[in-house]
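To keep things clear, I will list the structure first and then write my remarks on it.
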Number of protein chains: 2
Amino acid sequence: MEHFRARCAALGLAYTHQRMVIYRALAGTDAHPTPEAVYEQVKREIPAISLGTVYKNIHTFTEAGLLREVNLLHESLRLDANLGNHHHFVCVRCKSVTDIPERDIGPLHLRQPLPEGYVLQRAVAELLGVCARCAGSEDVISTASSQ
Amino acid sequence: MEHFRARCAALGLAYTHQRMVIYRALAGTDAHPTPEAVYEQVKREIPAISLGTVYKNIHTFTEAGLLREVNLLHESLRLDANLGNHHHFVCVRCKSVTDIPERDIGPLHLRQPLPEGYVLQRAVAELLGVCARCAGSEDVISTASSQ
DNA sequence: TGACAAAAGAGAATTATTATCCTTCAATAG
DNA sequence: CTATTGAAGGATAATAATTCTCTTTTGTCA
Ligand SMILES: [Mn+2]
Ligand SMILES: [Mn+2]
Ligand SMILES: [Zn+2]
Ligand SMILES: [Zn+2]
């Protein structure tokens with residue numbers, strides 16, 4: 001766990017006390033906190049830390065692969081008038097959402113019960129990847145000058 | 001599709017031209033638009049419509065069950081330092097996210113190929129429901145559709 | 001048709017996030 | 001062990017998304 005200094009070095013990131021405490025706040029919980037929650041936690045140890053520093057490091061860590069975003073689509077509300085059961089493919093590049101018919105994926109059955117007291121209403125698969133348009137127009141290969 | 005007037009009546013909602021056009025913009029696409037995108041679409045037909053009206057009706061429709069939010073966690077970025085493969089249970093009440101071990105759910109294998117050109121990177125299950133704390137603390141007996 | 005609650009429009013306010021600008025500091029070469 | 005320097009931090013302004021407040025208009029129903 002205290003390889004953090006080495007991991008920063010390996011990633012070409014400067015090691016700072018702020019980074020260490022921010023990362024520790026995240027790695028030390030199984031909740032899925034907001035930047036604000038991380039900020040509140042870190043402030044207990046570094047009262048003078050800036051919220052901007054928390055945001056900046058969250059992005060740095062995410063780009064470096066030390067963290068993941070739970071919700072790729074958090075930037076804005078996204079709506080769906082299709083009320084039937086179906087799954088979603090989300091493009092990590094353009095954030096487009098494509099419906100996937102329910103029958104295209106095996107039923108999401110629970111092999112183990114949920115934690116005590118939890119009540120399940122619905123289960124959907126979220127497929128993450130790159131959509132056709134983004135895959136075709138990117139640095140994958142410069143064969144495309146379409147669109 | 002033009003039962004919309006009747007559906008409004010059944011839901012106790014006043015029928016307005018704005019509502020009809022907003023709903024039509026949503027029901028007429030398989031994209032998963034933002035409120036802004038809906039607003040832009042609707043403005044073509046009702047140039048004087050207010051963005052607030054779009055937001056208000058989106059909420060009204062969602063509460064009425066005519067629409068769904070794609071992203072329950074859009075209010076703020078949520079972070080995860082657990083890089084291993086696992087699934088998530090999201091509480092529709094308190095928005096808490098609980099890790100579900102990958103082995104607790106059958107592998108999400110695709111029975112049909114993705115649309116041409118799509119590249120899959122990762123697949124996760126999102127279980128929606130009510131967490132133990134929320135289920136235990138409220139009149140959650142009718143957990144079908146509340147928020 | 002008239003009364004009234006609901007809905008729409010305008011714009012201010014709030015919240016989440018990002019950008020800017022200046023200061024401080026970690027890394028590293030000498 | 002310094003000096004240099006670009007990266008990182010802190011303060012705060014700016015932006016984007018969403019909600020709130022207030023006033024006017026409109027749909028519903030008697
Ligand atoms: Mn959908
Ligand atoms: Mn997780
Ligand atoms: Zn894409
Ligand atoms: Zn809950």
Side-chain angles (χ1 to χ4, degrees), chain A residues 2 4-26 32-43 45-64 66-67 69-79 95, chain B residues 4-26 32-43 45-64 66-67 69-79 95 147:
Chain A
E2 269 317 319
F4 181 68
R5 186 164 210 147
R7 297 184 77 180
C8 282
L11 292 163
L13 299 176
Y15 173 88
T16 67
H17 185 51
Q18 287 89 338
R19 282 193 170 152
M20 191 270 282
V21 176
I22 290 168
Y23 181 74
R24 218 176 45 197
L26 282 152
H32 297 74
T34 64
E36 270 288 334
V38 174
Y39 176 58
E40 292 303 325
Q41 168 73 21
V42 170
K43 265 206 298 193
E45 194 162 340
I46 312 178
I49 198 165
S50 157
L51 178 58
T53 296
V54 172
Y55 270 98
K56 279 182 278 193
N57 280 304
I58 282 171
H59 290 140
T60 300
F61 293 161
T62 301
E63 281 156 30
L66 294 173
L67 286 184
E69 303 185 4
V70 175
N71 45 337
L72 221 55
L73 300 174
H74 73 275
E75 285 166 26
S76 161
L77 179 59
R78 300 288 290 269
L79 299 158
K95 309 294 168 68
Chain B
F4 181 69
R5 186 164 210 146
R7 295 185 77 180
C8 282
L11 292 164
L13 299 176
Y15 173 87
T16 67
H17 184 51
Q18 287 89 337
R19 280 192 171 153
M20 191 269 281
V21 177
I22 291 168
Y23 181 75
R24 219 176 43 197
L26 281 153
H32 296 75
T34 64
E36 271 287 334
V38 173
Y39 176 59
E40 291 304 325
Q41 168 72 21
V42 169
K43 264 206 299 196
E45 192 161 343
I46 312 177
I49 197 165
S50 158
L51 178 58
T53 296
V54 172
Y55 269 99
K56 279 181 281 193
N57 280 304
I58 282 171
H59 290 141
T60 300
F61 292 160
T62 301
E63 280 156 31
L66 293 174
L67 285 185
E69 303 186 4
V70 174
N71 46 340
L72 220 56
L73 300 174
H74 73 275
E75 286 166 26
S76 160
L77 180 58
R78 299 288 289 268
L79 299 158
K95 310 292 168 68
Q147 192 185 348

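Per chain, numbering begins at 1; letters A, B, ... match sequence-line order.
- The 5' end of DNA chain C is approached more closely, in terms of each residue's nearest nucleotide, by B:Gly12 than by the other of B:Gly12 and A:Glu36.
- Distances shown here put a side-chain N or O of A:Ser76 below 4.0 Å from the OP1 or OP2 atom of D:dT18.
- A donor-acceptor pair is defined here as one N or O able to donate and one able to accept, closer than 3.5 Å; such a pair exists between the side chain of A:Arg78 and the backbone of B:His32.
- Side-chain contact between A:His17 and A:Glu45 is present, with heavy atoms from C-beta onward closer than 4.5 Å.
- Atom CG in A:Leu77 sits roughly 18 Å away from atom P in D:dA16 (whole-Å rounding).
- Backbone-only engagement by A:Glu75 is indicated by non-hydrogen atom pairs under 4.0 Å involving sugar-phosphate atoms exclusively.
- Contact check for A:Phe61 versus B:Leu79: no side-chain heavy atoms found under the 4.5 Å cut-off.
- What separates CG of A:Leu51 from P of C:dT15 is a distance of 14 Å, to the nearest Å.
- Between B:Tyr39 atom OH and D:dA16 atom C1' there is a gap of 15 Å when expressed in whole angstrom units.
- Looking at A:Asn71, its side chain does come within 3.5 Å of a backbone N or O of B:Ser76 through a donor-acceptor pair.
- For A:Tyr55 and C:dT18, the shortest distance from a side-chain N or O to OP1 or OP2 is not below 4.0 Å.
- Between A:Leu73 atom CG and D:dA16 atom C1' there is a gap of 17 Å when expressed in whole angstrom units.
- Each of A:Pro35 and B:Gly52 was matched to the nucleotide of DNA chain C holding its nearest heavy atom; the match closer to the 5' end belongs to B:Gly52.
- Counting heavy atoms from C-beta on, the side chains of A:Leu73 and B:Leu73 never come closer than 4.5 Å.
- Summary of the strand contacts: A:Ile22 and A:His74 both lie near DNA chain D, and taking for each the nucleotide with the nearest heavy atom, the more 5' one is attributed to A:Ile22.
- The interatomic distance linking A:Arg78 (CZ) with D:dT18 (C1') rounds to 16 Å, in whole Å.
- Comparing C:dA8, D:dT19, D:dA11 against the side chain of B:Thr53 picks out C:dA8 as the nearest.
- In this structure, the CD atom of B:Glu63 is 11 Å from the P atom of D:dT19, given to the nearest Å.
- Contact of the A:Val21 side chain with the A:Val42 side chain is registered, since non-hydrogen atoms from C-beta on lie closer than 4.5 Å.
- Distances shown here put a side-chain N or O of B:Gln18 below 4.0 Å from the OP1 or OP2 atom of C:dG9.
- By the 4.5 Å heavy-atom criterion applied to side chains, B:Tyr39 and B:Thr53 are not counted as neighbours.
- Side-chain contact between A:Arg24 and A:Phe4 is absent, with no heavy atoms from C-beta onward closer than 4.5 Å.
- The NZ atom of B:Lys43 sits 11 Å away from the P atom of C:dA10 (whole-angstrom rounding).
- Salt-bridge check for A:Glu75 with A:Lys95: passed, with a basic side-chain N closer than 4.0 Å to an acidic carboxylate O.
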Annotated protein contacts, base or backbone, on nucleotides 22-30 of chain D with a non-hydrogen cut-off under 4.0 Å, one of B, S, - each: -----SS--
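- Spacing between atom NE2 of B:His59 and atom P of C:dA7 amounts to 15 Å, rounded to whole angstrom units.
- Paired runs in DNA chain C that reach 3 or more consecutive Watson-Crick or G-U pairs, where each pair keeps both distances under 3.5 Å, cover C:1-30 with D:1-30.
- A donor-acceptor distance shorter than 3.5 angstrom exists from the side chain of B:Arg19 to the backbone of B:Ala14, with no hydrogens or angles considered.
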